[in-house]
Amino acid sequence: MILLFLILVPLLSGILSFSVKGSAAKTLALISSMITLGLSAYVSATNYKEAIVFSCEWIPMLGTQFSLVADGMSSMLCLLTGIVSLVVFLTNLDKDTEAPGSFNGFMLLSQAGLMGVFLATDALVFYVFWELALIPVYFLCSRWGGEKRIPVTFKFFVYTFVGSLMLLAGLIYLSLQTPGTVSYAWADIVAAGNALPATTQQGLFWLIFIAFAIKMPIFPFHTWQPDAYEQSPTPVTIILSALMVKMGLYAVLRWLLPVLPMGVALWSNFVVILSVIGIVYASCIAIVQTDIKRLVAYSSIAHMGLMSAAAFSANAIGMHGIMVQMFNHGINITGMWLIVSMIENRWGTRDMTKMGGMASVAPRMAIALVIISLANIALPLTNGFVGEFMLFNGLFAGDHSAPQIGIMVLAGLGIILGAVYTLNMIQKTAYGNTTEMVISKDLSVNEYAGLAIIIAVILYLGVYPKPLLDLTAGMIGG
Amino acid sequence: MDIYDKLFWLLSAITVGCALGVILSRNPVNSVLFLVMTFMCISGHYILMNAQFLWIVNLIVYAGAIMVLFLFVIMLMNLNSDVEPQKGQLVQLAGVISGGVLFLVLLAAVKTAVPVGIDKQSLDIGLIENLGKTLFKDYVLPFEISSVLFLSAMIGAVVIGKKDDSAITNETVQ
Amino acid sequence: MKAIIATTVFGIVMMFTGILVNNKRSVAAIAAVLFAVLLGINFFDLAAASPNATDTLVFNKMLRIEHYSVWFNTVMTGCTLLYVLLMSKEIQRVGSHVAEYFALIFFILCGLYILATYNNLLMMFIGIEILSIPQYVLAGSDRKNLKSAEASLKYFLMGSFTTGILLMGIALLFGAARSFNVMEIAAMLHTDALNPLALAGILFIMLAFAFKVSAAPMHTWTPDVYDGSPTPFTAYMSTVVKAGAFFAFLRLFQVSFNGISEHWTLILAIITAATLLVGNVTAVFQQSVKRMLAYSSIAQAGFMLFAVLAVNKFAWQGIIIYAMAYSVATIGLFSVLVKLKDFTYDGFNGLARTEPLLAFTASIFLFSLAGIPLTGGFMAKYYVLLAVVQQGHLMWLVIFALLMAAISIYYYFRVIIAMYFKPGTPEIASPVTAGDRTLLIITCALVILLGVAPQLFLNRI
Amino acid sequence: MAGVAAGKRGFYMPVNSTHYLFLSLLLFSIGIMGTLMRRNAIIIFMCIELMLNSVNLLLVAFSKIFGDANAQLFVFFIMVVAAAEVAVGLAIIVMMYRKVHSVDINILNRLKH
Amino acid sequence: MANVVYLVPLFPLIGFLINGIFWKKMPKSLGGAIGTVAILASFIVSLGVFFEVKSASFHGPLTVTLFDFISTGNIHIPFAFQVDALSSLFLLIITGVGTLIHLYSTSYMHDDEGMVKYFAYLNLFVFSMLLLVLGANYLIMFIGWEGVGLCSYLLIGFWFKNRDYTNAAKKAFVMNRIGDLGFLVGMLLVLFNFGTLTYLDFFGKLGDASLIIPKSTYNWIALCFFIGATGKSAQIPLYTWLPDAMAGPTPVSALIHAATMVTAGIYMIARSGALYSLTPSILHIIAVVGLLTAILAATIAIRQYDIKKVLAYSTVSQLGFMFLALGVGAYTTAVFHVMTHAFFKALLFLGSGSVIHAMGGEQDIRNMGGLGKHMRVTQATFFVGCLAIAGIPGLSGFFSKDEILAATFAHSTLLYALALIAAMMTAFYMFRLYVLTFNGKFRGTEEQHHHLHESPAAMTIPLVILAILSIVGGYVGLPSVISEHNTFATYLSPVVHNFSHHHLSHGTEWGLMGLSVTVVIIMIAIAYAVHSKPKFKESTGIAKLLENKWYMDEIYDALIVKPIEGISNALDKFVDRHGIDGIVNGVGKTVRWGGDRLRMLQTGQVGTYIFIMVMGIVVLFTISFFWIK
């Protein structure tokens, strides 16, 4: 039942929020997200050894059940969703959002969708939530976004929608292959997928993979992302980059790798190559960005590239690393976007060449920026390091043939280039002489609180990652 | 080749000739007359096949009533060859070619059709009495339902045909 | 069977009402009541037919009343009732012959009932004609408008042409199968030695149906006729009527040609692909929402063809649920459309601010048409996809269809973009009353209910 | 051929079904050609009637070959429907003529794209 | 005492946290005091640890595990410290020199508004450095390794308003990162092949025949670690960041860029001695790289005019010597040089800081001269430092450097000859620096001249202490010709010992010593002669080349930085926006275009429509009857 509440609380409060005006809507969202965080924390704390299950009838004749399972990975991601949502609503408290009721309503609805995606253990339920998380984001970006919001959001929506439709086709096919009649239960889908011949698995692999690849996004399916991030309002960007892209990775781990082992085995090298190319490619592009949002967007692509590369390297430590890194990257990128939005607010521009001197005028912000950036480039004793170390472990654990070494070198280049663009950003925004600011004030109380949560998590998990590792340890066989 | 064969070929030739006349003659009135001729030839075929009822009906309903209706309408509109617009040569050629190709394709498609056998020979199936019995016994439902069709047609004539005084506009007042 | 008689009688009643009652509103009210009664009668029929009951053959095997057809009739009558309620005011504004319009709608329903239950090609033919002739009339019913007349004439000419095609198909088929009885035909046709006459006949019939359901290459009339016809009748023609044709299509191909599906599946698949392509791609460029909906109806027809392609049990349920979801959403959308003066996309600009309810319900209908989950449209699409995926060998078509569905997002969402994200004040043609709102909410609820709890219907079909 | 046997008892089936099939298809094609070639709505309609008649001919031929009355009844119903169609069709054409004083289908192009 | 070794890094951490959190409100002097006391406390604990390790009762390395850091599958990496001779020695160097430099900084940085922040960074640095040397496995070392890089970055860019300084900071960090990647890869290779990162386990498994690990893997691991070391310890090709790092406050240069951080590479290789002993080819590479660095940096130092740059290149050069020592297998000697170098180089940097302080920020030695008259203590201590680094007998540098030269001679005569040249250059440029700075006439402005003064006690006391250490520091490791009992080597022997097959006779050793002392004294004399009456003119030819550091920065810029920027720009502008996104948008455009074309079919003409239908019928019939079969 508690799992159902995880979805229902944001869903109902989201619907309610549409009819609430002004600051009451903000309070409602905050309270709702606190409750959700509490629930997800409870779920995470209680299911160390045994997964929590919820199930009820939905459309029995289509073989689908409304069943939710919170195992380590799911509850970890729910926890992430909870934290990120709370921080987003917290930092958004003093922002002037047009029609906050609708805004928060959509935000909460997308949160509900995300929870559903992470918890669903029935393929059709999963698909429904997968789409459902997207629609509110579409409205959020289109209504509250930047100048070019409508075409950009539209492209993003259509792009991801194409992917999801492919996914649907794949899932339908799989559901028909299940033993007995049609079934969408995870276990049945896995059994059906495993039983298929290799050629069929390959076809299905591409159908399903493209959906996830677009969502993550993996090079070269990424071009919707920088534009979408650039044009979205910050809270939405956070939802997109911290949570939505995790949907893709989560889906790979849950609905692709176990389901089509032969298809994956045949194509994993290809995907790994794509991913590492993506790392270097996105990092290079990030280096020359002057728009701070685009920079962070490309950095996110690079990070996701590393995660997907590790995901397809089929290695237990790598898998564990991905789960850790999903959480960590979610936290870090949230912090990153928060800072970026504060910078944008204060300087009134996203052009980094027109910024500077934050360390003098807003030192707290600068400190937060530095800490979060360092977590972003995986400096030890920040949470980013633990995950990336394990990811690299996963990548390096294969054979050491020449192509494999090439992959490692490329992935490694990402570390160096990552430092370059991140430090560039710090230098251009925080250092140098003060340039003109629109609002010259350091962090406000709620921003401070939001960033404090982020930084606390960054440092805590950087020094003592054991809780996170333990939570997800059950997910890797043996 | 006996008389029936000869009649068949003769009728067929006239039928096709008249049909071509329908589509080729410039004057609509001629077209109508050619069509009446075509129908009559087809009726001739019906006689050859001993379909007496249809022979009569075809003559009365088609060649008689319907075609006269057409003729009336054409006369009413005062259409003659002078005002009859013609399509461009190219379009007409395209029409002929595509029609011809269609015919060839159909011909090629069904030319291998196995001649269907005959297991019972009833010579008088086409007589009015036999058909009438079947019609009112087995086909009573379609017969009745056809009335709905005519009701619709009647309403249609009312809705469409009734003189309407309001001015014709080109706006979208849908 | 009762429903067929009732709808005929009601049609005649409406004709007399036209003579006796002068007030348009009273006529409309009587019609609404009669439609409600008709729905009741359908339910009565439905109660008699259970999934396990054997089929009833009546009138020298002219009709075969079975479970699916009764369900289909009921659902379509329900949609018609919804349509009449939502569009009543608009129908009254079309012209002076309001009673006749309703009578024609009753007759169309009669044709639809026949098409849902025919067991003989003759009945199918007559049913199609009963379905079509009132449409020719309705298309031309707006006497003030030249476009309406043009639509009517175009529809009529092409429709008659197709009648010729259909009849040639039936004749050729008869030459091979020696029967007009649908079930006997099935027994006469064999995959191994298929008479070319039969194949030619099937192709002709298929193409004729393609015309009726506006599938490529026989779709060309659709945009013009839908665009030119009075909007309320477009709404009906593009939904219930089309669904009726589809059901007849499915029925014939499921019952008669099921055994020889390998001979025609590929052709139908090509038709499906072409329909999806033409419908979706052409809709992208439209400026008028009404015309866009015409193309969208071509595109949706492509999806409904999936049900025909899939020769299995899912197909029956699929076509019913698709017809329902599609009809309800489209009728709803048209009922929003008719409230506006300007049918172009720009006419929708800013609707969300002035009429939030209209905008919201329109969005839900558009979601449904686009196939977003938790709307009826998703379940419908899902169902027909399921049906065809189960066939196994048409995955390429499924993927193609899904890509096309993605394109459909473009033109459906343009309306949403106009309503929600563009500034402007739309001109409202007729005031939105509380009744309208209630009906829209009910329609909307129906769309969502169909998407969230489809088993309420599926369990019974 | 079967026709020879029948001939002794009176009416005789000339040639065979294939001939009627071909004749019917030819008439059908001529009808289609006509619809493609002409601009006059009435002539087009007439060509369509020609198509219907070709079908009738074919059905009667089949009826004769199979000794099956159903086909002839089908023809009867085709005629019934055709009559109804003509009623509506001519009404529409007349309505059109009243509005634009022409029955040229080429001027019907307000609706396009 | 060794059991509570975690106190050593804990104190600086506490200092960092206090200063870091309250940096805005804390009074400057309190911040300085907290920082200094924290390190002093560490130093005291370190002393305790050192003596415990030194005592006979100490058996083998002691591991202090704090908690489980990364634990997944069968990999367990604890957060653990290892106390042994090597780490305890480094503890002493770090905290000892660290305390002095903190003390010095309290005065040096007193006028800077960011002083508390400065001490926070400095404490964080010491904490990281202590983690580096204390870690019981490579991962903990790596944490410190990257941590010191970070602090170095923060401190180089301490005056963040200056773009050049922050550029230098960025350069340092990125260069370090390149090396760090090598370290990381090496670590991953170890983990993959041996399943552990803990030193004791790893070294224990090194010779294990049951593990089927090819020889090449050892080489790769060793090479990767060495790449890490070249980054941190500024060796070719990753040395260019160190001279630029002089942008930071001078005490930082003394602590980080001379005494401690840059020696991390030597520590790491010495720590992994057991591994390197198995990979002679890599050791050879190390020796060559070290020697080349020593020579290259020395040549550049000869023609530099910035007082700190000279010292910086000298540091690079000295680090090269240390790597040379490592390369020839003289691990202990390398560590010995680390220690002596820490003393005299910290001394020299602090001395230069004192000079800069007196000159009001001026760093160009062309504008100095004759400062000895005004700042006696600085002059004297600086002179001691110069003597020590030049290798004058009796001072610490002599013993350590001579040991390196001897070990090199034993290895290869050619290397020895080159090393000797480097040593000669060292003597020359150091005394060039000394003479130009302290002797002769003052060449600066009148205002500067007026301002000249000796630095306060807080600065001079560390100078004096370091000078003393620079003199006596060498006596713990007397060469075998003088004393058979090398205290230093004995102390380190449980962990590190020299790995050399050649033993020199006493006669040879004496000869080598004599030779090196002779040439060094000659070079000093030349330096005095050339620079007592300096004339500065536009340099030409090779001198210009040297003055411009062999144009190394420009070469790197042209070969690496510019191409990457160019490629990135091309990727951004052309590939991403027009290429990939172009394709994506192109699909949309194609659909729209297709829509426009298909729309044209809809002519509104019934004739066309029927024509389309007929063609459709023809096509479908053709497909159905003549194509499928």
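Naming: A, B, ... by sequence-line order, numbering from 1 per chain.
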For residues 46-58 of chain D, which side-chain donor-acceptor pairs fall under 3.5 Å, sequence neighbours excluded?
from: D:Glu49; atom 1: OE1; to: B:Tyr62; atom 2: OH; distance (Å): 2.8
from: D:Asn53; atom 1: ND2; to: D:Glu49; atom 2: O; distance (Å): 3.3
from: D:Ser54; atom 1: OG; to: D:Met51; atom 2: O; distance (Å): 2.6

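Contacts between D:Leu25 and chain B at a heavy-atom distance below 4.5 Å involve backbone atoms as well as side-chain atoms. Only the side chain of B:Ser146 comes within contact range of chain D, with heavy atoms under 4.5 Å apart. Within the 4.5 angstrom heavy-atom criterion, atoms from both the backbone and the side chain of D:Ile30 approach chain B. Of the atoms belonging to B:Met154, not a single heavy atom falls under 4.5 Å from chain D. No part of D:Ile44 comes within reach of chain B, as not one of its non-hydrogen atoms sits under 4.5 angstrom from that chain.
Heavy-atom proximity under 4.5 angstrom to chain D picks out B:Ser31, B:Val32, B:Leu35, B:Thr38 from residues 31-38 of chain B.
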task = Show the numbers, then the answer: is there a side chain to side chain contact (heavy atoms under 4.5 Å, CB included) between D:Phe28 and B:Phe103?
result = CA-CA 8 Å; D:Phe28 189 76; B:Phe103 176 65; over 6 Å; no
query = Would D:Leu36 and B:Gln92 count as a side chain to side chain contact (heavy atoms under 4.5 Å, CB included) if you check the C-alpha gap in whole Å, the side-chain angles of each, and the deciding distance to 0.1 Å?
reply = CA-CA 7 Å; D:Leu36 291 172; B:Gln92 292 203 358; over 6 Å; no
inquiry  = Show, in sequence, the C-alpha distance, side-chain angles and deciding distance for B:Val73 and D:Val103, and conclude whether the side chain to side chain contact (heavy atoms under 4.5 Å, CB included) test is met.
reply    = CA-CA 11 Å; B:Val73 170; D:Val103 285; over 6 Å; no
query = Going through the checks in order, is the side chain to side chain contact (heavy atoms under 4.5 Å, CB included) test met by D:Val80 and B:Phe143?
reply = CA-CA 9 Å; D:Val80 168; B:Phe143 189 77; over 6 Å; no
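For B:Leu149 against D:Ala84, the heavy-atom pair with the smallest separation is CG-CB, 4.1 Å. The minimum heavy-atom distance between B:Ala157 and D:Ala91, with the atom names listed, is CA-CB, 4.4 Å. The two residues B:Ala19 and D:Leu27 make their nearest non-hydrogen contact at CB-CD2, 3.7 Å. Of all heavy-atom pairs spanning B:Ala51 and D:Gln72, the tightest one is CB-OE1, 3.6 Å.
Top candidate by heavy-atom pairs under 4.5 Å with chain B, chosen from D:Gly89, D:Ala82, D:Ala87, D:Ala69, is D:Ala69. Interface remark: of the candidates B:Leu54, B:Leu102, B:Ile66, B:Leu76, B:Leu54 forms the most heavy-atom pairs closer than 4.5 Å to chain D. Between chain D and the options B:Leu24, B:Asn58, B:Ile97, B:Val61, heavy-atom pairs under 4.5 Å are most frequent for B:Asn58. For the set D:Val94, D:Ile92, D:Asn70, the entry with the most heavy-atom pairs within less than 4.5 Å of chain B is D:Asn70. Among B:Ser98, B:Ser12, B:Gly100, B:Ala94, the residue making the largest number of heavy-atom pairs under 4.5 Å with chain D is B:Ser12. When the candidates B:Val57, B:Val96, B:Val22, B:Thr134 are compared by the number of heavy-atom contacts under 4.5 Å with chain D, B:Val96 comes out ahead. Chain B forms more heavy-atom pairs under 4.5 Å with one residue of D:Val88, D:Ile32, D:Val60, D:Val86 than with any other, namely D:Val60.
Separation of atoms CZ (D:Phe74) and OH (B:Tyr139) is listed at 8.0 Å; rounding is to 0.5 Å. In this structure, CD1 in B:Ile23 is found 9.0 Å from OG1 in D:Thr35, a value given to the nearest 0.5 Å. Here the straight-line distance linking atom CD1 of D:Ile93 with atom CD1 of B:Ile160 works out to 11.5 Å at 0.5 Å rounding. Once rounded to the nearest 0.5 Å, the distance linking CZ of D:Arg98 with CE of B:Met77 reads 9.5 Å. Atom OG in B:Ser152 sits 12.0 Å away from atom CD in D:Glu85 (nearest 0.5 Å).
Aromatic ring centres of D:Phe76 and B:Phe53: separated by under 6.0 Å.
Not a single salt bridge (charged side-chain N to carboxylate O under 4.0 Å, His left out) links B:Lys111 to another residue, sequence neighbours left out.
Considering only heavy atoms from C-beta on, B:Leu135 comes within 4.5 Å of D:Phe77 through its side chain.
Legend: salt bridge (Lys or Arg N to Asp or Glu O under 4.0 Å) pairs involving residues 125-145 of chain B, not counting sequence neighbours, sorted by first then second residue: B:Glu129-B:Lys133.
A tilted orientation is assigned to the rings of B:Phe70 and D:Phe45, their planes being inclined by 30° to 60°.
Partner of D:Leu26 under the side-chain contact (heavy atoms from CB on, under 4.5 Å) criterion, chosen from B:Leu20, B:Val16, B:Leu106, B:Thr15: B:Val16.
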